J.: 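I'd like to ask some things about the structure below.
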Amino acid sequence: ELLTCRQYIEELQGYQSQCDGVLGEVTTALTYLAGLQKQYISVSTKTNALHEACEHLLAEQTRLMNTAENISNKLSYYNELDKISSKLSSPTLMVTNESFVPMLSRLDECILYLKNNLNYKESQTYLARLNQCLSRALNLIKSHVVNILQSSTRQVQEKRSSTSSQLGDNAFTLFYGKFRANAPRVKALMEQLEIRLDKSPEYSQALVDCQQCYFSQREQLLGPSISSTINDLATKHARDHCALMRSGCAFMVHVCEDEYQLYYNFFTKHTGLLDEMLERLCNNLYDVFRPLIIHVNHLETLAELCSIMKVEMLEEHTQANAQELSSFGNVCRQMLMDMQERLVYRTYIYIRSDILQYSAAQGDLAYPEKLEMMQSIAESIRAGETKGHTRTPSSSSLKGHSRSASNASSTSQEVAELTEAGKNSPDQTEVKSVTSTMPMSPADLHGMWYPTVRRTLVTLSKLYRCIDKTTFQGLSQEALQSCIQSLKIAKEGITKRKTLMDGQLFLIKHLLILREQIAPFQTDFSIRETTLDFSKLKDFNKMKDAARGLIQNSSKLFMFNSNNSLLQFILEGTPHVMEHFVDSKKDVDLELKITCEEFIHHMSDTFNEPLKTFLSRAEVVINLKEEEGIKSVTLRQQPFATPEKLHDVVSETYKNIKSRLPTIHKSMQLYMANKDTETILFKPIKVNIQQAFQRLSEILTENYTEEDRQIVANPSPEQINLLISTSMR
């Protein structure tokens, strides 16, 4: 057992020694590992440092490369100067070369860059030299364009000199063909200038220079031919101003349109220089027309010229093509103003000489003979139509003389054509009792109105579309007042020649015509007049003293006391400014109303003259009896008021009505030729007759006995109505 234990102990000691050996080896291995770790850490640290150094070097390299590239890019704008200068100095450089436009673009880029970086070294110097290069490039463009335009002009002039100096049938090909053929060569360059207008003022100036050269060449080419052509037209139409106006304006319209289209073959942007050139060309027309216009005296010619210019040229041509014909429109408006000024001047002279101062011929005052003659002609034509049982359109105008039909003279139709809206004018209220449709006598159908009425209406119809409303209002006021005055004079002449009734009916008839015919004019016939009213000046001597004090005491003008001479003159020496409106339509209505009242009064006196005399004398007696209370004074005892005398008065008045009423009614039919107008005008006369007999009946009832009333035999209202109705059939 001991041996076994010793063996076991020795075995254990063997194991212990082995373990110690293993432990030593492990310790040695750990020592090596610790050293290896230290070496690894050292190598790793050095490797990381190397990586960082490499990365830093790479970043620095990148930065340096970027800096070098940036410097190179910036220097390229400076370096381009030599390249561009050498290109511009090259004798082979042409603006039509493909490299010219890219060079121009690069030059713009360099100039823009240097303008934005003026703090760089020598940037001012390089910028100035680049601008010089730009000027040289633009001068090349301008020289090229000018040469093309001048060459085109010379070629056209040579061809024109070999043919004719006028614009003939081949004018379009001659004056526009060569320019249009060269237009693409110029337009390509002009487009480059136009798209760069915002980059430099030099581009704008270069474009303006090219446009001015273009316009000068076109004006040099067209000016003499246009002037010659217009002069030839003036010679050709020397006696027809309207034809001259139409042909001359049509010619200039074509020139303006062709020039406008040709301009856009060279350029794309509009310029005011184009309108200025076209206006100068159109002034050739104005220079020829104006001397002719200011010597035209006929209103019809002036009115037609105004109508041609206003309607055909300005409204139809210019408004339909406002942009192309704006310059032509300006010249037309100037000519129209001259025509209107001349028209207004001649109209005032015409109104004064041919309307206001019109001297009526014997035939003008032949009323009612004129109307009777036309009435007989109309009746004979109707009788012929009835006999032949045929009715033709040409004769229907005279047949239209019926109280219900409505035809008009050529003058009235001319006025009515102006506007249909004016026929229902709301202003026709002043003399409502005598308004009528259209006077329909045969004389009216043939326009046989009094000459001043016809002239007034024709003049107004001519002026209506030719001048502005304000001027038309003033002229219409003058014309209507003059016409009314001439009608009054004619009425006096007819009254002296025939009767007062004929004069009054003549005036009523023509005032109705005037009133009817001015209704279609869509304008206000009222004007404002300013006058000085001296009626409120208390003392003329005070006014003179105040004016003298204002002159002599000039040092007291601004004194702040009662001795202020200016204040004294204002208070005592100045008249009042009065403004009032004059309405010619109301003047016509007022004159018509006055004339109708005079006619009604005159006709009532004509019928009731014996009875009216008795009634006036009877009223004196009755009033005397009532005022003084004299009971012994009775009407029936008066010598003029006995039943027998009163019977004679009633009988005379009754016979007067019965004998005169048909004649007067026939005259009213002849003059008025309108049943409604006759009825309206006669109604107050009828009422006055009835009222006179009614008053007589009241006097008989109050102052006479039943036996006296039977002796007087005063007719009843029914009898009076029957008498009037029977006499008017």
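Only heavy atoms go into these numbers, but all of them, side chains included; no hydrogens, no water, no symmetry mates. This is a predicted model, so every value here is computed, not measured.
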J.: Where the side chain of T318 meets the backbone of E315, is there a donor-acceptor pair that is under 3.5 Å apart?
T.: no
J.: Taking Q473's backbone N and O only, do any of them form a donor-acceptor pair with S476's side chain (distance below 3.5 Å, no angle check)?
T.: yes
J.: Is a side-chain donor-acceptor pair under 3.5 Å present for H601 with D605?
T.: yes
J.: Working to the nearest 0.5 angstrom, can you tell me the gap between N674 CG and T679 OG1?
T.: 8.5 Å
J.: What's the shortest heavy-atom distance between L285 and M335, and which atoms?
T.: CD2-CE, 4.0 Å
J.: If you measure from CG on L336 to CE on M309, what distance do you get to the nearest 0.5 Å?
T.: 7.0 Å
J.: Mind checking what makes ring-ring contact (aromatic ring centres under 6.0 Å, His included) contact with Y264, not counting sequence neighbours?
T.: Y260
J.: Honestly, is R333 close enough over Y286, meaning NZ or CZ under 6.0 Å from the six-membered ring centre and within 45° of the axis?
T.: no
J.: Can you tell me how far apart CD (Q323) and CG (D275) are? Round to the nearest 0.5 Å.
T.: 8.5 Å
J.: What distance do L661 atom CG and M603 atom CE have between them, rounded to the nearest 0.5 Å?
T.: 10.5 Å
J.: Is any side-chain heavy atom of L511 closer than 4.5 Å to one of I484?
T.: yes
J.: Keeping S486 on the side-chain end and C483 on the backbone end, is there a donor-acceptor pair under 3.5 Å?
T.: yes
J.: Return yes when atom CE of M337 has more than 12 non-hydrogen atoms of other residues, nucleotides or ligands closer than 6.0 Å, and no otherwise.
T.: no
J.: In Å and rounded to the nearest 0.5 Å, what is the NE2 to CD distance from H317 to E324?
T.: 12.5 Å
J.: Counting C-beta onward and ignoring hydrogens, is there a side-chain heavy-atom pair between M339 and L343 closer than 4.5 Å?
T.: no
J.: Check whether T471 reaches the backbone of I467 with its side chain - one donor and one acceptor, N or O, closer than 3.5 Å.
T.: no
J.: Check the pair L514, L480 against side chain to side chain contact (heavy atoms under 4.5 Å, CB included), reporting the backbone distance first and the verdict last.
T.: CA-CA 8 Å; L514 271 182; L480 290 174; 3.9 Å; yes
J.: Taking NE2 in H270 as the centre, count heavy atoms belonging to other residues, nucleotides or ligands within less than 6.0 Å. Is the count above 12?
T.: yes
J.: Measure from the side-chain N and O atoms of D258 to the backbone N and O of V255, and report whether any donor-acceptor pair falls under 3.5 Å.
T.: no
J.: Using 30° and 60° as the class limits, which term best fits the ring planes of Y671 and Y367: parallel, tilted or perpendicular?
T.: parallel
J.: Just by modelled atom types, is the C466 backbone N or O under 3.5 Å from a matching donor or acceptor in the Q340 side chain?
T.: yes
J.: Between the main-chain N or O of L278 and the side-chain N or O of S327, is there a donor-acceptor pair closer than 3.5 Å?
T.: no
J.: Name all residues meeting the ring-ring contact (aromatic ring centres under 6.0 Å, His included) criterion together with F215; count only those two or more places apart in sequence or in a different chain, and write none if there are none.
T.: Y263
J.: Between atom CD of E492 and atom NZ of K496, what is the distance when rounded to the nearest 0.5 Å?
T.: 7.0 Å
J.: Are the side chains of T459 and L463 in touch, meaning some heavy atoms are under 4.5 Å apart?
T.: yes
J.: As a quick check of understanding, evaluate salt bridge (charged side-chain N to carboxylate O under 4.0 Å, His left out) for R497 and E369, giving each step before the final call.
T.: CA-CA 12 Å; R497 181 179 174 274; E369 290 83 359; 3.1 Å; yes
J.: Does atom OH of Y345 have more than 12 heavy-atom neighbours, drawn from other residues, nucleotides or ligands, at distances under 6.0 Å?
T.: no
J.: Can you tell me if S461 uses its side chain to pair, donor with acceptor, with the backbone of L457 under 3.5 Å?
T.: yes
J.: Please report the closest heavy-atom contact between S667 and M501, naming both atoms and the distance.
T.: OG-CE, 3.4 Å
J.: Under 6.0 Å from the CD atom of Q261, do we count more than 12 heavy atoms belonging to anything else shown?
T.: yes
J.: Could you go through K586 and E591, starting from their C-alpha distance and side-chain angles, then the distance that decides it, and tell me whether this counts as salt bridge (charged side-chain N to carboxylate O under 4.0 Å, His left out)?
T.: CA-CA 8 Å; K586 290 183 179 179; E591 192 63 38; over 6 Å; no
J.: Treating T229 as the side-chain partner and S225 as the backbone partner, does any N or O pair qualify as donor plus acceptor under 3.5 Å?
T.: yes
J.: Any idea which heavy atoms bring G503 and K491 closest together, and the distance?
T.: O-CG, 3.3 Å
J.: Between L670 and P368, what is the shortest heavy-atom contact and its length?
T.: CD2-CB, 3.7 Å
J.: Shortest non-hydrogen contact from M668 to E678?
T.: CE-O, 3.6 Å
J.: Should I508 and M672 count as side-chain neighbours, where that means a heavy-atom distance under 4.5 Å?
T.: yes
J.: Kindly give the heavy-atom pair with the smallest separation between V331 and C282, and that separation in Å.
T.: CG2-CB, 3.5 Å
J.: Using a strict threshold of under 4.0 Å (side-chain N to carboxylate O), is an ion pair present between E304 and K462?
T.: no
J.: Apply side chain to side chain contact (heavy atoms under 4.5 Å, CB included) to F267 and L274, showing your working.
T.: CA-CA 11 Å; F267 306 93; L274 173 61; over 6 Å; no
J.: Using the rule given for side chain to side chain contact (heavy atoms under 4.5 Å, CB included), can you reason through D589 versus K593, listing the C-alpha separation, both sets of side-chain angles and the distance that settles it, and then say yes or no?
T.: CA-CA 6 Å; D589 291 343; K593 179 180 178 181; over 6 Å; no
J.: Holding to side-chain contact (heavy atoms from CB on, under 4.5 Å), I want the full list of residues that pass it with R280, two or more places apart in sequence or in another chain.
T.: E219, E276, M277
J.: Sub-3.5 Å donor-acceptor pair from the side chain of D502 to the main-chain atoms of K498, do we have one?
T.: no
J.: Would you indicate whether the side-chain heavy atoms of R218 and L262 approach each other to under 4.5 Å?
T.: yes
J.: Output all residues satisfying ring-ring contact (aromatic ring centres under 6.0 Å, His included) with Y450, sequence neighbours left out; order by chain, then residue number.
T.: Y358, F506
J.: Less than 4.5 Å apart, any side-chain heavy atom of D364 and any of P451?
T.: yes
J.: Could you check Q319 against L314 for side chain to side chain contact (heavy atoms under 4.5 Å, CB included), going step by step and ending with a plain yes or no?
T.: CA-CA 6 Å; Q319 290 183 5; L314 289 177; 5.9 Å; no
J.: Is the closest side-chain heavy-atom distance between I600 and F682 below 4.5 Å?
T.: no
J.: Return a table of donor-acceptor pairs under 3.5 angstrom between the side chains of residues 292-301 and protein atoms on other chains or two or more places apart.
T.:
| from | atom 1 | to | atom 2 | distance (Å) |
| --- | --- | --- | --- | --- |
| H295 | ND1 | P291 | O | 2.6 |
| N297 | OD1 | R342 | NH2 | 2.5 |

J.: Could you pull out all donor-acceptor pairs under 3.5 Å where a side-chain atom in residues 235-253 meets a protein atom, sequence neighbours excluded?
T.:
| from | atom 1 | to | atom 2 | distance (Å) |
| --- | --- | --- | --- | --- |
| T235 | OG1 | N231 | O | 3.0 |
| D240 | OD1 | C242 | N | 3.3 |
| D240 | OD1 | A243 | N | 3.2 |
| R246 | NE | E312 | OE1 | 3.2 |
| R246 | NE | E312 | OE2 | 3.4 |
| R246 | NH2 | E312 | OE2 | 3.0 |
| S247 | OG | A243 | O | 2.8 |
| S247 | OG | L244 | O | 3.2 |

J.: Report yes if some heavy atom in the side chain of R346 is under 4.5 Å from a heavy atom in the side chain of I349; otherwise report no.
T.: yes
